[in-house]
Number of protein chains: 2
Amino acid sequence: MSDSHGLQVSWLRVFSAVARLGSFTAAARELGYTQSAVSRQVCALEGETGARLFDRLPRGVRLTEQGRSLLGHAEAVLDRLDAARRDLEALREAAVGRLRVGAFATANAALVPAAVSALRARHPGLDVTTREGLSARLAAALAAGDLDVAVLSAVSGEPPGGLDLRPLLDDAMFVALPRTHRFADRPRVRLADLAGEEWIAGRRDPEDTLMAAALHAGFRPRIRFVVAEWIAKQGFVAAGLGVTLVPALAAGVARPDLAVVPLHPDDVPPRAVYAATARGITPSPAAAAFLAALRDSAAVLRR
Amino acid sequence: MSDSHGLQVSWLRVFSAVARLGSFTAAARELGYTQSAVSRQVCALEGETGARLFDRLPRGVRLTEQGRSLLGHAEAVLDRLDAARRDLEALREAAVGRLRVGAFATANAALVPAAVSALRARHPGLDVTTREGLSARLAAALAAGDLDVAVLSAVSGEPPGGLDLRPLLDDAMFVALPRTHRFADRPRVRLADLAGEEWIAGRRDPEDTLMAAALHAGFRPRIRFVVAEWIAKQGFVAAGLGVTLVPALAAGVARPDLAVVPLHPDDVPPRAVYAATARGITPSPAAAAFLAALRDSAAVLRR
DNA sequence: GGCATCCATGTCTGACTCGCATGGCTTGCA
DNA sequence: TGCAAGCCATGCGAGTCAGACATGGATGCC
């Protein structure tokens, strides 16, 4: 029965003002309309609702019973629309909202926490959640709409398509050595110089880990200890049980009894780190703010 | 900052459908629009809100964070508008609503209660309140908007202006006699025949009561007992202490040990009883239903 | 590479709404 | 009683807007 969907919100505004002021003319003055415009809008609303909303009296108008009934609804609707406007405004300023961040493990060592911290300092109302995962899985989550922003790395070439990538930094490779190691004070080492070392790695097979770089350098690393967690690798290295590769993102937070020495860039192709969003998805204001924080955070790390 | 008040409710409907279906085209199909119309409405809503509401993906669209925020408000608004529509519909059928009735005393003996009873039987959801008062006061209350309908009487000429009057019946005058009275079985009496009686009246002075009719009939009634309540007058008459005038509206509910005999119409100018509403006020559906019930009720009493 | 799907947009037409004016109605006052 | 003032309704013209229609660009699938 709701045939003509031409209901205008302005009609409700006019209706409310007329009900409050008891006069078409006064409402017109207040709203900057002509009296005739008010008359027509009320008339249109009456036609739309099929109910006479005002009784026209010689000195103004008065709500009918149906008008009184409509008034409550009209004001509720107008209030709700104002609330929507306010919410959108708050969202636009990233004052509130939800932000789901994903990142690969070492990005969570310093880069992401710093950015999240800066973001929350600026926008305390934001609801930020983070999740750790491999870059491929993060990319899938982005595409599925389960993440807003992901920090991921491209070991070689590009990560899976369907993403909008923003380069953050090139993650150079470091090697972590015991403080007593003979290379500990060098400004830089070549990978080949470490061919004789014993290695701590995340996996037994060097092919699909950071250790693949060693293969390119011409030797097959002797992997004696396999531990996944970076904190554990640090422990083994500090105990003098071997050396391990560590990306720059994690190098800054190594324990003080370790030496972290950069590898020569030619030995390890720098791993690109990106802030990614789903292709075609315009970042929400919160996401945009987080991307900016990530950029700042990365700039600090690059120095 | 809310400059352009051109917000259309149809935009919200379209927006909601698009959000639900994830596609402009599908929403257009469902709503009977063209795809371009949907595109334009969404675009207009985005312009109005100043926020991008959907991300356009290759296979449809997806809500942005701001769109998700707006969606809740939009659906609340649409629900509220539907509720308003339903309320107006219920009001139109007098299923719900408020009705304030005023009536003069004897109208409350039978006429008004019967009408109220019929009204509530038909429309149980109505909130009916009644109030008793003199006709002049009721007329003022109508004009002030404190009453919706009043049942009032015009002793002579018209009641105060500013009212829309609907004649209900002409309230003929009866005389209440003890069952043993010599006129008790007459079909009709002349007022002059009662000149020798002792009278029960509401006031000492006959001028401004029903007893004024006696003056016109050529005698000054001997008022022995002054009681205001009709139930008390009945008691005095039944006890054989006198006779009293009683309007037709109250005559039907006299106690059985009284005789109620009509007076000749020439002796007493029939008192017109009206259902009145404030001038220019269109009766609410509930009021209209009550007016109809009053008419029916009056028709029954006239027989 | 062709095709299907989806959204954006240029264009035109019909409808709508606004302001301006006028008229009817009532009230208050001289 | 005649007049002025205030209120709402309405006829009229100009500007605006929303809709359909058609087309174009972009993407994904076979």
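Computed from a predicted model, the values in this text were never measured in an experiment. A note on names: the letters A, B, ... follow the listed sequences, proteins ahead of strands, and every chain is numbered from 1.
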For A:Thr34 and A:Arg59, find the nucleotide of DNA chain C closest to each by heavy atoms; which residue's nucleotide sits nearer the 5' end? A:Thr34
Between [N] and [X], is there an OP1 or OP2 to side-chain N/O distance shorter than 4.0 Å?
{"X": "A:Gln41", "N": "C:dC18", "answer": "yes"}
{"X": "B:Thr25", "N": "C:dC7", "answer": "yes"}
{"X": "B:Arg56", "N": "C:dC6", "answer": "no"}
{"X": "B:Ser10", "N": "D:dA18", "answer": "no"}

[X] [atom1] to [N] [atom2], straight-line distance once rounded to whole Å:
{"X": "B:Asp55", "N": "D:dT27", "atom1": "CG", "atom2": "P", "result": "14 Å"}
{"X": "A:Trp11", "N": "C:dC18", "atom1": "CH2", "atom2": "C1'", "result": "14 Å"}
{"X": "B:Arg62", "N": "C:dC6", "atom1": "CZ", "atom2": "P", "result": "16 Å"}
{"X": "A:Arg279", "N": "D:dA26", "atom1": "CZ", "atom2": "P", "result": "13 Å"}
{"X": "B:Glu48", "N": "D:dA18", "atom1": "CD", "atom2": "C1'", "result": "15 Å"}
{"X": "B:Leu57", "N": "D:dC29", "atom1": "CG", "atom2": "P", "result": "13 Å"}
{"X": "A:Phe24", "N": "D:dC8", "atom1": "CZ", "atom2": "C1'", "result": "7 Å"}
{"X": "B:Leu45", "N": "D:dC17", "atom1": "CG", "atom2": "P", "result": "16 Å"}

NA contact type, A:Val38, heavy-atom cut-off 4.0 Å: base, sugar-phosphate, or nothing? nothing
Run the salt-bridge test on A:Asp55 and A:Arg62 with the 4.0 Å N-O cut-off and return the result as yes or no.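 No, A:Asp55 and A:Arg62 are not salt-bridged.
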Looking at A:Arg56 and A:Glu46, does any basic side-chain N land under 4.0 Å from a carboxylate oxygen? yes
Would the number of heavy atoms belonging to other residues, nucleotides or ligands and lying under 6.0 Å from CZ of B:Arg122 be above 12? no
By nearest nucleotide on DNA chain D, pick out whichever of A:Ala26 and B:Arg40 is the more 5' one. A:Ala26
Mapping A:Pro58 and A:Ala37 to their closest nucleotides on DNA chain D, which lands nearer the 5' end? A:Pro58
Among A:Leu81, A:Leu7, A:Val9, exactly one meets side chain to side chain contact (heavy atoms under 4.5 Å, CB included) together with B:Leu12. Which residue is that? A:Leu81
Have a look at A:Leu294 and tell me which of A:Val101, A:Val116, A:Leu168 forms a side chain to side chain contact (heavy atoms under 4.5 Å, CB included) with it.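 When A:Val101, A:Val116, A:Leu168 are each tested with A:Leu294, the side chain to side chain contact (heavy atoms under 4.5 Å, CB included) holds only for A:Leu168.
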With a 3.5 Å cut-off and heavy atoms only, can you find an N or O donor on one side and an acceptor on the other between the side chain of A:Gln35 and the base of D:dA9? yes
Does A:Ser36 make a side-chain donor-acceptor contact with the base of C:dC20, cut-off 3.5 Å? yes
When you get a sec, tell me which of D:dC8, C:dA8, D:dG19 is the closest nucleotide to the side chain of B:Tyr33?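 The closest nucleotide is D:dG19.
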